[in-house]
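Values in this document were obtained by computation on a predicted structure and should not be read as measured data. Reckoned from all heavy atoms, side chains included, excluding hydrogens, waters and symmetry mates.
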2 protein chains.
Amino acid sequence: MEMTLKRRETMHRLCGKGLEIFSEKGYYNTSLDDILTELSLSKGAFYHHFKSKEDYFINIVQNLIVQKVYALLIEPLDTDENPLPVIIESLENALEPGKKNEMAYGFMLNDFLTEFNKRNEEICGYLKNIISVWEVNLVAVLKRGKLDGHIARHVDCEGTATYIIASYLGMRSLMTDSSNRQLKYQYIQQLKQYFKSISATQTA
Amino acid sequence: MEMTLKRRETMHRLCGKGLEIFSEKGYYNTSLDDILTELSLSKGAFYHHFKSKEDYFINIVQNLIVQKVYALLIEPLDTDENPLPVIIESLENALEPGKKNEMAYGFMLNDFLTEFNKRNEEICGYLKNIISVWEVNLVAVLKRGKLDGHIARHVDCEGTATYIIASYLGMRSLMTDSSNRQLKYQYIQQLKQYFKSISATQTA
DNA sequence: ATCCAAACCGACTCGTGGGTCGGTCAAACG
DNA sequence: CGTTTGACCGACCCACGAGTCGGTTTGGAT
């Protein structure tokens, strides 16, 4: 059991640093040595724990990234308030750079999605799943908003969710050089504008 | 002069096929041989015309991609009508797969942007320039829309342009497997909803 | 016919990076 | 103590792809 602990700890360190560097430089542009050097580990150590770079990244996706998406984008939705401001707040928060122990600019769902499109169908599938879970939750929360009288009845919740996700992903493409408070501000403002147009009380 | 013609023709073939395959598989995932094989050309021929893969791609960006963005997204804006439907139409058209002699799904501005972020600053700069030109034109056309009484006076044109661009780029991330009529339809619908909220005549 | 230069060929170099493998070390077990 | 086992080491292998270079072909000019 002592051994298992050691194993877990090393794997955990590897995944953490991996997510950090992959987010910075991209998956294909990061060599295993880039990561191993920073952790003072060897190739041997790596392949003792993971069977390939791909396996390693899938591990990162299914543990760390899933977890972060839940924490930042999904769990915040779980309230009884008007969903619209809650969604805004979660997005605003997710676009915030340097969140505590996380890497700058949150994580790079869009970057990874784009990187694996047409290159690695399996990983792409996992990433799309994450987006899909997010979408499902957005739709649910929007529908609840309808029932609670916060959102106009004519609204297409699926379409709205898609639109929110698309604009969020696109923002991540635009916000490349850091400190893009301006861009983020514009985005949030326009999102509010859009939300006003689908809320039940047009003037609220 | 005859020589120069031959040269131009070969370079043109190279760039055309290059854009096609780079769009499909990405820049870093495409080897020169992938392209050269399809054209039955050799390494030697390639390096006779371009000094590097990077130089080659810059050529593609500054000729073909710029040209396509102008044709699909910028020139259509140049009318005297209400800008909002015109913008919608241009985006709808740009998201249309298999446009005539173009590759499926138009071109991959977002994909390239993401791919070169943090990897090649120079190319990234050229791509951002293109987006920037698009933005400037959007802003101009929106401002004109205000003057002409199509768009409400309170609207932040820069913010709106950013928002349009972000959502468009994001859609390109989501529309991976072909025949996503559904996604496209949802997007256009929501965009119309948003546009209604910034137009001068709320009910139109 | 000869020549020249531009277009083109393709085998080669060389760095990079994923993955392998025989070995070392240290802790646990008997 | 010996033995075993799991964590880890690092030199090595190999494929791949960008870029090189000496040579060949081609077509227009003299």
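- In this structure, Tyr56(A) has its ring center no closer than 6.0 Å to that of Tyr47(A).
- Considering only heavy atoms from C-beta on, Phe112(A) comes within 4.5 Å of Ile65(A) through its side chain.
- In this structure, Leu32(A) atom CG and dC12(D) atom P are separated by 20 Å, rounded to whole Å.
- At whole-Å resolution of the value, CG in Leu14(B) and P in dA7(C) are 13 Å apart.
- The nearest whole Å value for the distance from the CZ atom in Phe57(B) to the P atom in dA18(D) is 13 Å.
- Of all nucleotides listed (dC8(C), dC9(D), dA18(D)), dA18(D) comes nearest to the side chain of Ser31(B).
- Here dT26(D) presents its P atom at 10 Å from NZ of Lys6(B), a figure rounded to the nearest Å.
- Rounded to an integer number of Å, the gap from CG of Asp55(B) to C1' of dG19(D) is 13 Å.
- Atom-to-atom, CG of Leu36(A) to C1' of dC8(D) comes out at 11 Å; the value is rounded to the nearest Å.
- Aromatic ring centres of Tyr163(B) and Tyr194(B): separated by under 6.0 Å.
- The nearest whole Å value for the distance from the CZ atom in Phe50(A) to the P atom in dG17(C) is 20 Å.
- The residue among Asp33(A) and Gly44(A) whose nearest nucleotide of DNA chain C lies closer to the 5′ end is Asp33(A).
- Closest approach to the His49(B) side chain among dG17(C), dG19(C), dA7(C) is made by dA7(C) (side chain taken as heavy atoms from C-beta onward).
- With distances taken from any side-chain atom of Ser42(A) to the nucleotides dC8(D), dA18(D), dT20(C), the minimum falls on dC8(D).
- The heavy-atom pair separating Leu138(B) from Ile165(B) by the smallest distance is CD1-CG1, 3.9 Å.
- Between dC8(C) and His48(B), no contact under 4.0 Å exists linking OP1 or OP2 to a side-chain N or O.
- Checking side-chain atoms of Asp148(B) against main-chain N and O of His150(B) turns up no donor-acceptor pair under 3.5 Å.
- Taking only side-chain nitrogens and oxygens, Lys53(A) comes nearer than 4.0 Å to OP1 or OP2 of dG18(C).
- For dC8(D), one of the phosphate oxygens OP1 or OP2 lies less than 4.0 angstrom from a side-chain nitrogen or oxygen of Thr10(A).
- Between Glu9(B) atom CD and dA6(C) atom P the separation is 18 Å, expressed in whole Å.
- Residue-level contact check: Lys43(A) touches the bases, meaning some heavy atom is under 4.0 Å from a base atom.
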